[in-house]
2 protein chains.
Amino acid sequence: MAADELSTVDALAQLSFLVHNTLERRAAEQELSMIQTRLLGVLRDREPTMNELAALLELDKSSITGLVDRAQRRGLVERHPSPTDRRAVLVRLTATGRELVTVAAARFAGDVTALLAGLSATDRAALTRVLSRVLVSHAAEQGIDLFPTA
Amino acid sequence: MAADELSTVDALAQLSFLVHNTLERRAAEQELSMIQTRLLGVLRDREPTMNELAALLELDKSSITGLVDRAQRRGLVERHPSPTDRRAVLVRLTATGRELVTVAAARFAGDVTALLAGLSATDRAALTRVLSRVLVSHAAEQGIDLFPTA
DNA sequence: TATTGTTATACTCTATAACTATA
DNA sequence: TATAGTTATAGAGTATAACAATA
């Protein structure tokens, strides 16, 4: 029992690092660090202020200044004045930035799909079901509903 | 089918980041960065040279110098001359370093165990079986046998 | 007064290139 | 000559504290 439990923990940990390294590698192909990739990732469906970006990425606002500086210097994002608050700055993905993160994300998704390619349909379904259960109950413990009905 | 496949990929990716962040948080409790944690981790059952450390952590040897410098300054590792090669330096965990990495690893294992606590014995067994299958076949593709019989 | 963002500063982490000592 | 390790240097990434502009 204890041995079984340990090996589940171990398998999950190993697979997590494998998946993480896979993304890191695909991001590096686009000369993106993990944090730059996360920056572009959150900008795919948002146009946040520097402050909101700090909250989304869980970094200090002074760190966001440098992060956005470097991405902007590469032409991946743009700063725009907020129309409603003259103190605030809105950050937006450029076409180049969107292209880079889209390519990295697609290749990463392909890698994970390939990783699961050897599984039978039954095993894959079982994996999805169990992982979803873990994620939903973890989210619930954090007070988050992953599938809001409203 | 495509929707199912995507959601398996998504679930695996989400869970990977969750597990990774969990380790990062536990390491940070001991004031350890991820790379310092990996350094102490590989030293738990090895006493490698600087060069071997560079290979194990996939970093340049000049990066290892700084990494070990900082860990040594905190009293987490020690440098010792190699008895067989006067150019080489062996790196060894101190008791303090071992304590720190042991605590972080134990808490992390507890976190992952807790994450899986809501699963039935059946589900947990299914998860272990499927994840192991993925890991073994991935390792095989890399030419690695996870369970050498010799 | 409070908030938004930047700047100044300091530290970790990483790589490249040049170097020293030893093999 | 080749290898092991360090140093010098440069740049990304991060936080804290102080600041200017705006609310």
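Residue numbers begin at 1 in each chain, while the letters A, B, ... track the order of the sequences.
Atom CD in E24(B) sits about 12 Å away from atom C1' in dT14(D), given to the nearest Å. In this structure, R73(B) places its CZ atom 13 Å from P of dT6(D), rounding to the nearest Å. Rounded to whole Å, atom P of dT12(C) lies 13 Å from atom CG of L32(B). Residue I64(B) contributes atom CD1, which lies 14 Å from atom P of dT16(C) at whole-angstrom precision. As a whole-Å value, the separation of R79(B) CZ from dA4(D) C1' is 12 Å. Atom CG of L67(B) is separated from atom C1' of dG5(D) by 15 Å (rounded to the nearest Å). Rounded to whole Å, the distance from CG on D69(A) to P on dA8(C) is 12 Å. Computed from coordinates, the M34(B) CE to dT14(D) P distance equals 14 Å when rounded to whole Å.
Nucleic acid contact class of T49(A) (heavy atoms, under 4.0 Å, all strands): sugar-phosphate only.
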Under a 4.0 Å heavy-atom criterion, the protein footprint on nucleotides 15-23 of chain D, written with B, S and -, is BBB---BBS
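Applying the side chain to side chain donor-acceptor pair (under 3.5 Å) test to pairs two or more places apart or on separate chains, those with a residue in residues 98-109 of chain B are E29(B)-R107(B).
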So what is the 5' to 3' dot-bracket string for DNA chain C, if pairs are Watson-Crick or G-U wobble with both distances under 3.5 Å, crossing pairs use [ ] and | means the partner sits on another strand?
|||||||||||||||||||||||
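The nearest heavy atom of DNA chain D to I35(A) and to E52(B) marks one nucleotide each, and the one closer to the 5' end goes with E52(B).
The CE atom of M50(B) lies 10.0 Å from the OG atom of S62(B); values are rounded to the nearest 0.5 Å.
By the criterion of side-chain heavy atoms lying less than 4.5 angstrom apart, applied directly or through intervening Ile, Leu, Val, Met, Phe, Trp or Tyr residues, L100(B) is grouped together with L57(B) in one hydrophobic cluster. There is a path of hydrophobic side-chain contacts, each under 4.5 Å, that joins L12(B) to V136(B).
For R70(B) and dC13(C), the shortest distance from a side-chain N or O to OP1 or OP2 is below 4.0 Å. Within the structure, a side-chain polar atom (N or O) of N51(A) is placed less than 4.0 Å from OP1 or OP2 of dG5(C).
Applying the under-4.5 Å side-chain rule to Ile, Leu, Val, Met, Phe, Trp and Tyr, the cluster around L90(A) consists of that residue alone.
With dT12(C), dT6(C), dC13(C) as the choices, the nucleotide that has an atom nearest any side-chain atom of M50(A) turns out to be dT6(C).
H20(B) meets the ring pair (Phe, Tyr, Trp, His ring centres under 6.0 Å) test with H20(A); sequence neighbours excluded. Here E52(A) pairs with nothing under the side-chain hydrogen bond (donor to acceptor under 3.5 Å, both in side chains) rule; sequence neighbours left out.
Between the side chain of T94(B) and the backbone N or O of L76(B) there is at least one donor-acceptor pair closer than 3.5 Å. Judged purely by atom type and a 3.5 angstrom limit, R124(A) has no side-chain atom pairing as donor or acceptor with the backbone of S120(A).
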